[in-house]
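Side chains are part of it too, since the values below use all heavy atoms of this structure and drop only hydrogens, waters and symmetry mates.
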Amino acid sequence: MSIRLPTWVWMGAIALSCVAGMVNVVGFLGFEHQAVSHMTGTTSQLGMALAHGDWRVAGHLWGLLIAFCLGAVISGMLIQDSTLQLGRRYGVVLTLESLLLLVAIPLFKQQQIWGALAAAMACGLQNAMATTFSGAVVRTTHLSGMFTDLGIGLGHLLRGLPLPIRRLTLSGLIISGFLAGGIVGAWLFLRVGYDALLAPALLTGGTGLGHVLYRQWVLLRRRS
């Protein structure tokens with residue numbers, strides 16, 4: 001299916017995938033060595049912890065799953081729609097994400113699991129914010145779907161079928177953004193430690209506050 005997305009959606013998807021890449025690599029390099037932007041591996045680890053009777057680790061992993069889901073719940077409550085539209089409350093969600101990342105920094109420094117929980121909730125907020133629009137599923141905190149789309153496109157190419165160029169382009173850009181975020185996040189972590197989260201926090205916070213102001217301006221224009 002062809003994807004016709006506004007330019008701001010493409011730019012936002014790339015930026016948010018970069019944010020997720022930075023946050024996730026900090027989670028990996030941190031004291032827990034735990035992914036926070038996607039829950040597939042976490043669920044597998046939970047299964048292993050339960051099988052081994054390691055209740056402490058199982059509790060931490062359950063916490064990550066719940067935190068990610070809670071972030072998605074909050075995002076769903078705020079946005080309340082599955083269609084991308086510039087005037088919706090994305091700014092509030094991004095601002096909340098920024099605050100959670102800022103809260104995570106001192107908690108990570110104290111080697112508390114709450115830092116990973118705050119980061120996972122931030123990623124849940126972000127992932128739920130990117131929703132379905134004109135048949136395009138945009139997810140920015142994990143890449144399985146993006147690589148699947150690329151594989152489907154290659155299969156179509158080998159069979160001589162029409163290629164969904166826009167879908168493949170979007171997938172490639174999101175993958176590239178996530179990878180770039182991982183590189184930047186790792187580079188920053190080696191130099192400033194958990195303060196590396198300041199970069200995605202400032203990016204989401206600045207964008208979120210800007211969007212909140214834009215939304216208020218749109219509402220004022222409608223009333224006038």
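Under the 4.5 Å side-chain criterion, counting only non-hydrogen atoms from C-beta, Q45 is in contact with Q34. Counting heavy atoms from C-beta on, the side chains of M129 and L16 come closer than 4.5 Å. Between W114 and V103 there is no side-chain heavy-atom pair separated by less than 4.5 Å. Looking at heavy atoms from C-beta onward, I113 lies in side-chain contact with E32 at the 4.5 angstrom threshold. L46 places a side-chain heavy atom less than 4.5 Å from the side chain of L50. Using a 4.5 Å heavy-atom threshold, the side chains of V19 and E97 count as touching. A 4.5 Å side-chain heavy-atom check between L70 and L125 finds every atom pair outside the cut-off.
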Q: Please step through side chain to side chain contact (heavy atoms under 4.5 Å, CB included) for the pair V23 and C123, ending with a clear verdict.
A: CA-CA 8 Å; V23 174; C123 290; 3.9 Å; yes
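Note on residues 41-61: no pairs pass ring pair (Phe, Tyr, Trp, His ring centres under 6.0 Å), not counting sequence neighbours. Among residues at least two apart or in separate chains, there is no ring pair (Phe, Tyr, Trp, His ring centres under 6.0 Å) pair with a member in residues 11-49.
Note on M39: it does not cluster hydrophobically with M48, by side-chain heavy-atom contacts below 4.5 Å among ILVMFWY residues. Hydrophobic clustering (ILVMFWY, side-chain heavy atoms < 4.5 Å, transitive): L157 and L150 are in one cluster. No chain of hydrophobic side-chain contacts below 4.5 Å, direct or via other Ile, Leu, Val, Met, Phe, Trp or Tyr residues, connects L202 to L99.
Rounded to the nearest 0.5 angstrom, R167 CZ and T169 OG1 are separated by 11.5 Å. Atom CG of N127 is separated from atom NE2 of H142 by 4.0 Å, given to the nearest 0.5 angstrom. In this structure, L107 CG and L197 CG are separated by 11.0 Å, a value rounded to the nearest 0.5 Å. For the atom pair M121 CE and S75 OG, the distance stands at 12.5 Å (nearest 0.5 Å).
With sequence neighbours excluded, no residue satisfies side-chain hydrogen bond (donor to acceptor under 3.5 Å, both in side chains) with S98. Listed by chain and residue number, nothing satisfies the side-chain hydrogen bond (donor to acceptor under 3.5 Å, both in side chains) test with S171 (two or more places apart in sequence, or in another chain). The ring pair (Phe, Tyr, Trp, His ring centres under 6.0 Å) test applied to F68 returns no partner, not counting sequence neighbours.
Minimum interatomic distance between A20 and Q126 (heavy atoms only, all atoms of both residues): CB-NE2, 3.8 Å. When all heavy atoms of A119 and F108 are compared, the closest pair comes out as CB-CE1, 4.3 Å.
Between the side chain of T204 and the main chain of P200, a donor-acceptor pair closer than 3.5 Å is present. Judged by distance alone, with hydrogens and angles left aside, the side-chain atoms of D149 form no donor-acceptor pair with the main-chain N or O of L168 at under 3.5 Å. The main-chain N or O of S37 is found under 3.5 Å from a side-chain atom of N24 such that the two form a donor-acceptor pair.
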Could you go through residues 172-192 and list every donor-acceptor pair under 3.5 Å that involves a side-chain atom there, pairing it with any protein atom two or more places apart or in another chain?
from : atom 1 : to   : atom 2 : distance (Å)
S176 : OG     : G172 : O      : 2.8
R191 : NH1    : W187 : O      : 3.0

